[in-house]
Amino acid sequence: MDDKYSILKKYFGYSGFREGQEVLIDSILSGWDVLGIMPTGAGKSICYQVPALLMSGITLVVSPLISLMKDQVQALNQAGIHAAYINSSLSESQISKALRLAAAGQYKIIYVAPERLETYEFLQFARFAEISMLTVDEAHCISQWGQDFRPSYLKIVQFIRSLDVRPVVSAFTATATERVKEDIVCVLGLLDPCVLVTGFDRKNLYFAVETIRKKDGYVMQYVQEHRQESGIIYCATRKNVDTVCEKLLAQGILATKYHAGLSAQERRQNQEDFIYDLCPVMVATNAFGMGIDKSNVRYVIHYNMPQSLENYYQEAGRAGRDGERAECILLYNAQDVAVNRYLIECKEPNPDSTWEEIEQIRERDMQRLRVMNYYCITPDCLREYILRYFGERRSGRCENCLNCAREYETIDVTPAAEKIIACIRECRQRYGINVVAGILAGETRAKLREYGVFDYVSYGSLKELGESAIKTVIQQMLMEGLLTVTNDKYALLKIPAAADEILQGRRQVIWKKAKAQPQSAENKRTSSSSKMRKSDILNSKGLELFERLRALRTEIAKEEGMPPYIIFSDKTLVDMCVKAPLDKSEMMQVTGVGENKYDRYGERFLAAIVEYTGGVREKYYFGETPELAGVPAPGQSNKPAPAAKGKKTDFYLTKEQAAAFPYTEQYLVAELAEKLNELRDADTTKKISGAEIFRRMQALEYAGEAFQDGIRKKYVTDKGMAAGLLIGMRISKKGTEYEDIYYKEDAQRMVVEMVTDAAVDSGC
Ligand code: ADP
């Protein structure tokens with residue numbers, strides 16, 4: 001008899017529940033409605049998928065994200081769970097067929113778009129089906145107070161009412177203020193629900209704000225340094241998207257782009273290229289991301305500051321959904337604030353709104369922008385800033401953000417603050433930060449002349465501080481509520497009552513000034529609480545094995561037409577490299593390897609691990625590498641490092657030796673290895689084996705091995721054929737036919753070149 005633990009292991013390959021999951025699952029299984037408020041990546045899906053498999057009837061999952069449904073259903077099918085989706089991406093006949101199968105009990109979980117709930121066909125199906133649970137994903141869409149209100153979500157309530165037997169209702173969201181939370185409970189009509197808020201902290205995310213002018217240079221360098229990783233770069237405008245993407249492409253980075261100016265077909269294609277890791281870097285406007293569930297996004301860079309912290313946290317939160325370490329970097333420059341203010345001003349109002357409502361919305365947007373801006377300039381812990389905004393009380397530093405890694409000096413700027421207040425007063429509170437700072441710094445800009453401020457007492461009174469530092473102090477005072485700004489487009493500085501505390505000597509203003517930045521990127525990450533990076537966990541052999549397993553995953557993903565992360569997550573691959581399982585029972589201990597996944601892919605991954613480790617874990621862990629089939633990077637010497645005295649080096653040929661290679665129409669791999677070995681210096685160089693040559697072909701994705709009917713078979717890819725590899729029939733000594741790979745002349749030349757060390761002979 002299955003229970004929640006065995007379901008978790010069998011289908012999902014996990015051996016324990018995460019925070020909050022068990023409570024919600026237990027409540028659902030006891031028949032209670034639930035509301036789970038958990039951050040992105042916390043594992044909300046498991047909270048309804050596990051009970052769905054333990055309940056007798058069907059679970060309907062209402063979701064607004066059509067693209068996500070396909071992903072979720074694919075992932076469930078991969079895990080061996082019968083699931084389907086019904087939305088407008090299917091034709092009418094496909095929908096009818098899916099409903100027919102659903103009525104016949106084919107599916108345990110059905111994802112459905114809210115619009116479908118009121119169609120006649122669906123209602124007919126629902127009347128006769130046993131629906132045990134109705135799950136509302138992205139439940140905040142039901143609230144008119146949230147940013148993503150969807151009127152279609154109101155149909156869910158009518159649908160529940162229309163059912164003869166009310167199912168358990170479970171609702172999940174990642175974003176919910178008190179108001180939205182109340183709305184979900186109320187509008188959805190949850191009955192005395194178990195409400196669980198796990199907190200918004202995403203511990204695996206590292207946060208940083210970099211104040212820089214040359215953003216392009218930063219992005220190019222960062223992406224170059226993270227070449228192996230997948231990331232998203234968000235830009236505010238289409239033009240920025242185009243130029244950043246072009247520059248990345250010019251540097252040989254596999255990047256793609258997404259914005260509303262591209263055709264639907266282009267957007268779809270580019271999105272797919274990203275999801276399938278064909279182009280691991282996506283440059284996009286904020287139009288990209290809803291419904292993207294790519295779990296191995298290792299970084300999200302914001303080229304421009306977004307308009308609100310809500311938007312920022314949601315977009316940045318697309319990093320590290322697999323729970324592995326990921327970085328969220330915001331590139332800030334003060335101009336972003338002006339651009340955003342302008343965009344808010346230009347926003348088309350809802351034609352049905354009254355003038356007051358439009359004003360209210362604009363004010364709220366300006367307020368959000370301010371909060372976002374303060375995030376960019378605060379010297380305090382960035383994580384704490386975010387969490388405090390979302391209503392979570394925390395104290396202290398997270399040690400996993402740039403600000404926690406920075407060193408600061410504290411400067412008492414109370415006298416400067418007094419002068420700032422005096423200046424604003426002298427201006428009769430008619431100017432914004434640029435003019436006030438300009439006056440205090442004694443700037444001579446035409447605009448200041450036009451305003452006639454040169455005669456002010458305050459003019460030049462903080463000259464020694466400089467305009468930029470004055471602005472920083474003003475920002476600091478704004479953050480502390482010692483100054484305020486109007487909510488209109490002019491953002492005029494005003495003096496609140498709280499400022500009296502400074503003037504009366506009851507309050508100091510302290511400026512935390514950052515000392516020089518930490519030198520290297522690695523220095524920034526001193527965290528003990530942060531999750532480790534792959535390179536912290538794996539040694540060089542582990543990393544090489546990881547790359548091989550990743551290549552195998554890509555190959556399988558291509559074969560199956562599925563995103564690689566649905567086969568296995570990066571986290572699972574890392575765990576494979578750590579545990580280096582050599583048989584089925586060991587493989588089943590790897591996180592993310594459930595029974596069904598093992599049956600589908602386990603053998604292939606095991607074979608790759610056994611091959612790489614030579615079946616001896618100690619060697620893999622502690623040295624004496626099995627000969628590695630590493631294909632040298634372009635420009636790298638093929639010659640192995642010189643061997644210790646008396647020991648032979650790994651196989652290589654000099655240019656002269658290579659020139660003597662006897663090319664012929666075709667060789668089998670063993671013959672090719674034999675011919676190569678005849679040319680080497682046998683006293684100093686080890687032999688190369690056929691297996692080694694084949695491994696190199698695999699690493700280049702020219703050839704591979706697959707299990708067919710329980711037999712391991714070699715195959716040649718299209719790329720391999722183009723390079724001169726060929727599958728041919730052979731007859732064994734026992735007379736049975738089998739397939740083998742032949743190396744035509746082109747392929748022979750490629751292999752010879754690969755093992756020839758040009759650098760040595762050219763005297764470099
Ligand atoms: P959310 O919907 O909250 O954003 P997901 O349901 O997509 O998060 O889960 C995020 C990732 O965490 C997925 O890769 C999922 O398989 C994994 N996960 C969920 N629960 C667990 C668990 N108990 N142990 C390990 N990994 C888990």
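Along the sequence shown, residues are numbered consecutively beginning with 1. Order of listing sets the numbers, starting from 1, for every ligand and every atom in it.
Of the protein's heavy atoms, Tyr14 CG, 3.4 Å lies nearest to atom 24 (N) of ligand 1. For atom 8 (O) of ligand 1, the closest heavy atom belonging to the protein is Gly43 N, 3.2 Å. The protein heavy atom nearest to atom 12 (O) of ligand 1 is Arg18 NH1, 3.0 Å. Regarding atom 20 (N) of ligand 1, its nearest protein heavy-atom neighbour is Gln21 NE2, 2.9 Å.
With Arg298 contributing its side chain and His226 its backbone, the two residues share no donor-acceptor pair below 3.5 Å. A distance-only check finds a donor-acceptor pair linking the side chain of Asp3 to the backbone of Ser6 [under 3.5 Å]. A donor-acceptor pair under 3.5 Å is absent between the side-chain atoms of Asp575 and the main chain of Val590, judged by distance alone.
At under 3.5 Å, a nitrogen or oxygen of Lys44, whether backbone or side chain, sits near a nitrogen or oxygen of ligand 1. At least one N/O-N/O distance between Gly41 and ligand 1 falls below 3.5 Å.
Distances below 4.0 Å separate heavy atoms of Phe17 from the following atoms of ligand 1: 23 (N). Below 4.0 Å from some heavy atom of Gly16 lie the following atoms of ligand 1, by number and element: 22 (C), 23 (N), 24 (N). Atoms of ligand 1 found under 4.0 Å from any heavy atom of Pro39, numbered from 1 in the order shown, are 3 (O). Every atom of ligand 1 with a heavy atom of Ile46 under 4.0 Å away is listed here by number and element: 19 (C), 20 (N). Every atom of ligand 1 is numbered from 1 in the order shown, and the set under 4.0 Å from a heavy atom of Arg321 is 1 (P), 2 (O), 4 (O), 7 (O), 10 (C), 11 (C).
Partner of Thr135 under the side chain to side chain donor-acceptor pair (under 3.5 Å) criterion, chosen from Ser63, Ser45, Ser170: Ser170.
By the 30° and 60° cut-offs, the orientation of the rings of Phe159 relative to Phe122 is tilted.
Checked against a 6.0 Å centroid threshold, the rings of Phe200 and Tyr313 do not count as neighbours.
A donor-acceptor contact closer than 3.5 angstrom is absent between the side chains of Ser89 and Lys70. No hydrogens or angles considered: a donor-acceptor pair under 3.5 Å links the side chains of Glu130 and Ser56. Defined by atom type and a distance below 3.5 Å, a donor-acceptor pair is present between the side-chain atoms of Glu22 and Tyr5.
The parts of Ser45 lying near ligand 1 are both backbone and side chain, judged by heavy-atom distances below 4.0 Å.
In this structure, Gly323 falls outside the shell of residues with a heavy atom less than 4.0 angstrom from ligand 1.
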